[in-house]
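Since the model is a prediction, treat every value here as computed from it, not as a measurement. Just so you know, ligand 1 is whichever comes first in the structure, and atom 1 is the first atom listed for that ligand.
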Amino acid sequence: MKSSKPKILFLLVAILILCHSVEAQKNTRQNISPADQIKIETLMRQMTIEEKIGQLSLFASGWDNTGPSMNNDYKKLIKEGNAGAVLNAFSVDYVREVQKLAVEGSRMKIPLLFGYDVIHGFRTIFPIPLGQACTWNLKLIEEAERVAAIEATAAGINWTFAPMVDIARDPRWGRVMEAAGEDAWLGGKIAAARVRGFQGNDLKSENTLMACVKHFAAYGAAMAGRDYNPVDMSPVSLYEWYLPPYKAAVDAGAGSLMTSFNEIAGIPSTCNAWLLTDLLRKEWGFKGFIVTDWTAINEMVNHGVAEDNKDAARLAINAGVDMDMEGSTFLNYLGELLNEKKVSQARIDEAVRSVLEAKALLGLFEDPYRYCNKTRQETEIMTPEKLALARKMVTESCVLLKNDKQTLPIPAGVGSIAVIGPLADSKGDMLGGWSAAGEWEKCITLLEGIRNKVNGKIPVVFEKGCNVNDADKSGFEKALDVANHADYVILALGEDREMSGEAASRSGLNLPGVQEELAEMIINTGKPIVVVLFNGRPLTLTRLNEIAPAILESWFGGTQAGNGIADILFGDINPSGKLTMTFPKNVGQIPLFYNSKNTGRPFNPEKPDEKYVSRYLDVDNDPLYPFGYGLSYTSFTYSGLEATLSGDTVNIRAHVTNTGDRDGEEVVQLYVHDKIGAITRPVKELKGFQKILVPKGKTRTITFILTRDDLAFYHPDLKKYWEPGEFIIQIGSNSKETISTSIFLN
Ligand code: GLC
């Protein structure tokens with residue numbers, strides 16, 4: 001009979017390891033299986049300190065650098081067990097080749113994470129996240145991230161550096177294109193939808209992706225909108241207006257988090273123990289692992305809080321960072337720091353365990369090549385269904401900013417169309433920033449989308465007119481000529497894709513180059529004209545808004561940009577997008593946002609000449625287009641607003657009537673003003689929304705429920721309190737146009 005000794009021995013070892021790891025379980029994520037826990041604890045006992053430290057380093061493959069290059073021989077590092085993850089590498093063959101170096105070439109054979117910036121799609125590129133936010137369609141946003149996860153995992157990737165959830169109130173900052181706009185409450189809803197889309201219900205599934213919420217924290221509040229600049233604000237502001245989306249992503253189960261480059265009140269996030277350990281891990285209960293942004297540890301020497309890279313590594317690991325992106329500081333110095341007792345073995349083990357847990361959750365120990373399925377790569381990318389979803393997202397992300405004399409939709413009987421402007425036929429720009437593995441060649445431009453739509457039945461002529469950002473006007477004459485000979489003109493203006501995104505702050509937000517002059521010249525022809533905007537941030541369009549009959553904001557719509565925009569222009573789809581970031585009249589008004597404070601001397605529009613009030617001498621306080629704003633081809637009126645108390649909740653009801661001649665979707669927005677508070681309250685705060693279809697001529701009744709928690713706010717002790725008193729309830733089509741009622745809560 002075969003001896004049963006080995007089995008008993010294995011069982012004893014397993015029980016011993018599980019008991020021993022009780023301490024470790026304090027930080028173990030809830031859903032690490034016992035088998036994976038045994039695997040992890042076995043690895044922890046077998047690894048040398050060098051191999052443990054190796055798990056805490058993330059290196060860029062040679063395929064793409066999204067930061068200052070550190071020129072690492074990542075393949076050598078992997079074989080030596082000095083890398084736990086690789087970024088910017090994809091495709092099944094390449095990932096399999098690199099994974100093999102770890103799984104078959106290194107001593108411990110621990111599989112790698114493969115991370116990539118899948119920010120708004122992998123190969124099928126969706127509109128930039130700021131555009132997606134303007135759909136106010138959480139289900140659609142989640143579906144888009146699901147598609148992104150399916151495509152990215154079909155190409156070997158198992159980790160995305162997304163969602164980027166930084167709140168921003170300053171459009172000079174180029175990275176507003178990656179985020180959801182200025183409102184923390186809406187930003188939190190969108191952040192959670194993105195995490196759900198990426199991670200699905202089972203991270204071990206071959207088509208789910210581990211999320212990495214970023215950039216923690218408050219990166220969007222960089223002074224003067226200049227990227228990487230310091231952030232400095234009151235703790236109450238940080239909690240109230242910037243932290244909620246990170247918390248929402250953590251609560252949605254994001255498997256990892258990325259620290260931000262910036263300091264907050266003098267402490268760089270990457271060495272901020274309060275932020276990363278006290279708040280994130282202890283108060284919020286975050287169980288994932290923390291990776292830095294690109295060389296953010298090294299940059300603490302520039303920040304002036306670390307003597308050198310070794311000192312920076314000490315600060316970062318002890319603050320709670322688990323993985324060093326591209327900086328080699330953990331690799332080069334953690335061993336010395338351990339010997340010098342400047343970092344504990346326990347802290348290093350905790351970091352290593354958090355990385356191994358992520359690999360276990362992704363199923364990499366069961367099958368390191370789980371994401372290297374060639375059949376998936378050949379069959380699941382850029383399918384017609386995924387392209388159709390991208391096109392739907394384009395139509396819902398477009399925001400109709402102006403439509404005088406019903407210029408839009410383009411009349412059916414139009415005889416000829418002139419398409420003019422530097423963004424009309426620019427495939428590459430349709431991708432926008434952070435476009436992952438998007439293929440510019442496969443993008444549908446506005447010109448192509450229009451030609452697809454008319455299908456040869458209407459002549460469409462094109463003249464570029466000018467470039468995006470130079471002083472060359474040599475194309476003006478031809479552009480004017482085609483405009484004069486056409487029945488209808490479409491002007492495609494805006495920024496190029498490099499003018500927003502990382503390291504792309506602008507001090508001025510006008511249309512670049514000579515585009516405004518081109519627009520003025522073409523609009524002066526008196527033809528029916530629509531300006532279609534391509535941009536990654538709010539722009540200052542005051543002059544354009546005065547002279548253009550119609551303006552459609554299309555952001556950068558991605559692979560299906562032209563087709564989706566054409567659906568709107570020709571009226572096949574009724575626009576429903578609403579801005580999630582304020583468009584100022586000029587840069588001098590910035591920061592300008594809807595949930596502002598009343599001040600002690602509020603400007604009163606009924607007393608425009610009052611001197612000693614909060615105002616400018618040269619411009620009013622209003623935005624050009626407010627938060628929540630967007631027109632439709634139909635019109636909606638609001639009536640019958642009622643707010644009633646039942647116990648501790650406020651029941652709100654109102655009617656929305658479609659007074660136009662076609663069906664339309666309306667984003668009904670609920671705002672609340674808490675009139676009196678222990679600290680000043682914003683003039684209004686978004687507390688709910690519903691995107692509803694209202695058939696022409698019909699009325700729909702919508703209801704909301706608000707709880708005391710919904711009405712609570714942070715006090716200087718950084719705890720949330722609800723206060724009795726009067727609340728002004730506002731319902732409307734945007735943050736400026738609402739009907740209101742008040743209610744008293746005791
Ligand atoms: C960049 C970005 C970050 C990105 C990372 C990896 O510097 O700040 O958002 O995820 O590097 O590309």
Which bit of [X] gets closer than 4.0 Å to ligand 1, counting heavy atoms only: side chain, backbone, both or neither?
X: N88; value: neither
X: E178; value: neither
X: M164; value: neither

Which of the atoms of ligand 1 are close to [X], meaning less than 4.0 Å from one of its heavy atoms?
X: F161; answer: 10 (O)
X: E502; answer: 1 (C), 2 (C), 7 (O), 8 (O)
X: K214; answer: 3 (C), 4 (C), 9 (O), 10 (O)
X: D117; answer: 4 (C), 6 (C), 10 (O), 12 (O)
X: H215; answer: 3 (C), 8 (O), 9 (O)
X: F261; answer: 7 (O), 8 (O)

Counting only heavy atoms not in [X], do more than 12 sit closer than 6.0 Å to its [atom1] atom?
X: R96; atom1: CZ; result: yes
X: E307; atom1: CD; result: no
X: K427; atom1: NZ; result: yes

Open item on the list: Below 4.0 Å from ligand 1: does a non-hydrogen atom of E326 turn up there or not?
Closed with: no
Task: Exercise: do N229 and R226 side chains pair donor with acceptor under 3.5 Å - done: yes
- [ ] Give yes if a backbone or side-chain nitrogen or oxygen of W434 is under 3.5 Å from a nitrogen or oxygen of ligand 1, and no if not.
- [x] no
Open item on the list: Please enumerate all residues that pass side chain to side chain donor-acceptor pair (under 3.5 Å) together with K282, with sequence neighbours excluded.
Closed with: none
TODO: Would you please indicate if the ring centroids of F627 and W136 are separated by under 6.0 Å?
DONE: yes
- [ ] Test the R497-W440 pair against the cation-pi criterion, namely NZ or CZ under 6.0 angstrom from the six-membered ring centroid and within 45° of the ring axis.
- [x] no
TODO: For residues 120-131, pull every pair meeting side chain to side chain donor-acceptor pair (under 3.5 Å), keeping only residues two or more places apart or in separate chains.
DONE: T124-E151
